[in-house]
Amino acid sequence: MSESIVRFSEIYLATEPYVKAVGQVRIGASGIGWKAAEGETESLRGISMPGLTIESGVLALQHDSLRRIQWQRVARGFGLRIYTKSGFLHKLDGFTADDFDTLRDAIKRLFHGLTLEVRDISIKGWNWGKTDFEGTNMTFKVDNRPMFDLPMGQVSNTNLATKNEVSVEFQAPKAKNLKRKVGAVDELVEIRFYVPGTTTTGSGGSKGDNADNDDAASADGEKADGDAEEEVSAASVFHDTIKERADLGQVSGDSIVQFPEVLCLTPRGRYHIDMFSHFMRLRGKTYDYKISYENIQRLFLVSKPDELHMMFLVGLNPPIRQGQTRYPYLVLQFVRDEEMAVDLNLQVDEAAKRFEGRLRSHYDEPLYRIVANVFKGVTDKRLIEGGSFRGYHGSQGLKASLKASEGTLYPLDKGFLFAPKPPLYIPHSDIASIVFSRVGASSSNKMRTFDLKFNMHGSQDYQFVSINREEHASLEDYMTQHGIKILSELNETTSVSYKGMDQDSDNNAGARKAVPVGLGGGGGDDSEDESSEDEDFVAESESDVPEEFDENYESSGEGED
């Protein structure tokens with residue numbers, strides 16, 4: 001029996017991106033197995049795939065579950081692509097060219113009905129081809145040969161960028177699976193497909209299994225049943241297919257809890273929030289996001305100055321993206337008095353049971369408090385709420401502007417938070433000093449507000465403008481209590497009335513204008529003579545003879561003659 005088992009060493013498990021676990025492959029009559037080498041089991045932590053046991057580091061694929069086995073060239077030499085009947089794709093890399101014959105004979109002998117297929121990769125530098133969806137992967141083909149694969153399980157969002165352009169965004173790698181010995185990992189974050197033409201959908205038409213050219217789209221149209229089908233753009237069908245295959249925009253399985261139609265200030269819109277065991281879904285009319293709980297870094301709950309609404313901020317790293325725009329925070333807004341009764345399904349699966357100590361099965365309180373507590377429980381992060389600071393009118397925050405954006409600045413216990421757009425958190429430890437500007441301004445229209453500048457340690461400075469002058473005293477007390485260094489423009493000025501400063505500045509400006517350039521002497525104090533030309537002015541000098549400068553000059557002697 002042992003002679004029928006074929007072994008290969010130094011083989012990598014490449015199913016999950018960024019995993020570099022090496023081990024041994026065994027192929028026998030019962031199926032294909034991979035076992036992690038000693039000390040490599042730790043690299044598998046956090047991975048979830050069919051047939052993999054994390055504790056023992058063993059991947060077991062039964063013979064009855066195998067559907068196809070392919071051999072192809074990969075970055076680590078050669079690899080196997082193993083398709084299961086459930087549609088999942090496993091990858092094993094690290095084989096050599098000499099292993100092909102051994103693998104082909106073993107598969108033919110041990111697995112009845114299966115053969116080792118050779119998958120030739122297209123090496124043409126073309127960017128125009130067709131797409132084929134198989135299992136959990138999408139394959140881009142050129143001349144009917146695969147050029148690259150995109151795992152649908154790694155897709156975080158897709159949308160119609162333009163009428164004929166579909167963008168596909170991918171999840172960032174898990175930080176604990178990255179080995180940054182040399183530097184940061186290069187990764188693909190977005191790819192766009194141009195899909196021209198139209199196609200048909202309906203009872204007799206296909207739902208865009210490929211992004212074909214115009215000829216292929218027309219061929220699909222000939223198969224239509226007229227009134228039974230509807231003509232749509234091929235790009236929209238391709239977009240819907242990716243959403244379906246990537247399981248975006250749909251609720252997959254049972255969720256722990258759902259919050260419908262939540263108002264989101266950043267990014268703008270109303271979204272359905274579905275909370276699952278390991279991730280959450282943000283589903284809107286245009287954009288759909290799949291966000292892992294590991295990407296949630298901070299939680300804030302603050303009250304708006306109107307005292308009618310509450311803002312709940314979710315800090316994300318890496319941020320979600322809409323085209324070229326990145327959103328490092330989700331800003332949700334709730335009505336303070338809106339209450340709701342919510343039941344949580346903590347028995348949805350084994351993974352959800354770990355929340356039983358942090359979540360309750362029933363909530364009956366304001367909606368903003370329910371959402372904040374659920375996020376706090378599933379992420380196991382501290383919820384940061386408004387601190388002890390109170391402004392002149394008793395609010396948690398101060399109205400301010402950051403560049404051209406109006407918002408609210410919240411002095412918290414360990415930092416400053418600006419919301420709603422753009423959301424910004426500044427920890428106290430990053431602040432070198434704070435400067436109060438325009439506190440002693442002379443212009444009457446600037447007396448009502450002042451500016452606040454944050455000098456940062458090793459990063460760009462921030463300046464918040466148009467803060468109500470009445471908040472100066474409370475802000476200064478806050479800085480003193482938290483040991484923040486304060487610099488003020490009033491330190492070297494004298495206390496004079498604003499009216500007097502205005503008059504003095506006007507008179508001084510007029511005096512400077514009355515002095516002729518290049519001539520000596522005073523300018524005079526008569527403001528009425530400042531703007532008129534002095535036509536009768538004659539410079540008296542012992543060295544200057546009048547006849548030399550004025551041809552019409554008449555001396556006293558000439559008058560007597």
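No side-chain heavy atom of Met275 sits under 4.5 Å from any side-chain heavy atom of Gln258. When side chains are defined from C-beta on, Lys381 does not count as touching Arg298, because their heavy atoms never get closer than 4.5 Å. Within the 4.5 Å cutoff, the side chain of Tyr368 has heavy atoms near those of the Leu301 side chain. The shortest side-chain heavy-atom distance between Lys20 and Ser43 does not fall under the 4.5 Å cut-off. Annotation: side chain of Phe334 is in contact with side chain of Val371 (closest heavy-atom distance under 4.5 Å). Within the 4.5 Å cutoff, side-chain heavy atoms of Pro267 are placed close to those of Ile320. Annotation: side chain of Val25 is in contact with side chain of Leu92 (closest heavy-atom distance under 4.5 Å). Side-chain atoms of Ile69 and Ile107, non-hydrogen and from C-beta on, do get closer than 4.5 Å to each other.
Within the cation-pi definition used here (under 6.0 Å to the ring centroid, within 45° of the axis), Arg283 does not qualify as a partner of Tyr289.
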Inset, instruction - Before giving the answer on salt bridge (Lys or Arg N to Asp or Glu O under 4.0 Å), spell out for Arg81 and Asp93 the whole-Å C-alpha distance, their side-chain angles and the decisive distance to 0.1 Å. - result: CA-CA 9 Å; Arg81 295 166 56 91; Asp93 293 353; over 6 Å; no
Inset, instruction - Apply the test side chain to side chain contact (heavy atoms under 4.5 Å, CB included) to residues Ile5 and Ile27: give CA-CA distance (whole Å), side-chain angles for both, the deciding distance (0.1 Å), then the verdict. - result: CA-CA 6 Å; Ile5 297 179; Ile27 302 178; over 6 Å; no
Legend entry - From CA spacing to verdict: ring-ring contact (aromatic ring centres under 6.0 Å, His included), His278, Phe276: CA-CA 6 Å; His278 296 283; Phe276 293 88; over 10 Å; no
Inset, instruction - Go through Phe375 and Phe312 one step at a time and tell me if the ring-ring contact (aromatic ring centres under 6.0 Å, His included) criterion holds. - result: CA-CA 10 Å; Phe375 270 83; Phe312 179 59; 5.4 Å; yes
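A donor-acceptor contact closer than 3.5 angstrom is absent between the side chains of Ser255 and Asp274. With no hydrogens or angles considered, no side-chain donor-acceptor pair links Thr102 and Asp99 at under 3.5 Å. At a cut-off of 3.5 Å, with distance as the only test, no side-chain donor of Glu169 or Gln154 sits close to an acceptor on the other residue.
For the ring pair (Phe, Tyr, Trp, His ring centres under 6.0 Å) with Phe78, the lone residue among Phe95, Phe8, Trp71, Phe100 that qualifies is Trp71. Screening Arg104, Arg67, Arg68 against Glu117 for a salt bridge (Lys or Arg N to Asp or Glu O under 4.0 Å) leaves a single residue, Arg68. If you run ring pair (Phe, Tyr, Trp, His ring centres under 6.0 Å) between Phe416 and each of Tyr425, Tyr410, Phe300, Phe454, only Phe454 comes through. Under the side chain to side chain contact (heavy atoms under 4.5 Å, CB included) test applied with Ile273, the options Leu332, Val374, Val257 reduce to a single match, Leu332.
By the 6.0 Å contact criterion, CD on Glu10 is open, its count of non-hydrogen atoms from other residues, nucleotides or ligands being 12 or less. Annotation: His112, atom NE2; neighbour count of heavy atoms from other residues, nucleotides and ligands within 6.0 Å does not exceed 12. Counting heavy atoms of neighbouring residues, nucleotides and ligands inside a 6.0 Å radius, atom CD of Glu406 does not exceed 12 of them. Environment of CD in Glu261: crowded, with over 12 heavy atoms of neighbouring residues, nucleotides or ligands closer than 6.0 Å. Counting non-hydrogen atoms of other residues, nucleotides and ligands closer than 6.0 Å to CG of Asn144 gives a total of 12 or fewer.
In this structure a side-chain-to-backbone donor-acceptor pair under 3.5 Å is missing from Thr53 to Ser56. The backbone N or O of Ile11 sits less than 3.5 Å from a side-chain atom of Trp34, completing a donor-acceptor pair. Distance alone, capped at 3.5 Å, is enough to place a donor-acceptor pair between the Arg145 side chain and the Ile121 backbone. When atom types are taken as modelled, the side chain of Lys35 and the backbone of Gly23 share no donor-acceptor pair closer than 3.5 angstrom. With Thr241 contributing its side chain and Val237 its backbone, the two residues share a donor-acceptor pair below 3.5 Å. No donor-acceptor pair under 3.5 Å is formed between the side chain of Thr266 and the backbone N or O of Val331. In this structure a side-chain-to-backbone donor-acceptor pair under 3.5 Å is present from Thr84 to Phe88.
Sorted by first then second residue, the ring pair (Phe, Tyr, Trp, His ring centres under 6.0 Å) pairs that include residues 39-70, not counting sequence neighbours, are His63-Phe111.
By the 30° and 60° cut-offs, the orientation of the rings of Phe133 relative to Phe238 is tilted. Ring pair Phe355/Tyr293 is perpendicular by interplanar angle, where above 60° counts as perpendicular and below 30° as parallel.
For the pair Glu190 and Arg192, the salt-bridge criterion is met [side-chain N within less than 4.0 Å of a carboxylate O]. With salt bridges taken as basic N to acidic carboxylate O contacts below 4.0 Å, none links Asp288 and Arg281. A salt bridge links Arg119 to Asp149: one of the charged nitrogens lies within less than 4.0 Å of a carboxylate oxygen.
In this structure, the separation between CE on Met456 and CD on Gln460 is 9.0 Å, given to the nearest 0.5 Å. Of the inter-residue distances, the one linking Leu103 atom CG with Asp101 atom CG reads 9.5 Å to the nearest 0.5 angstrom.
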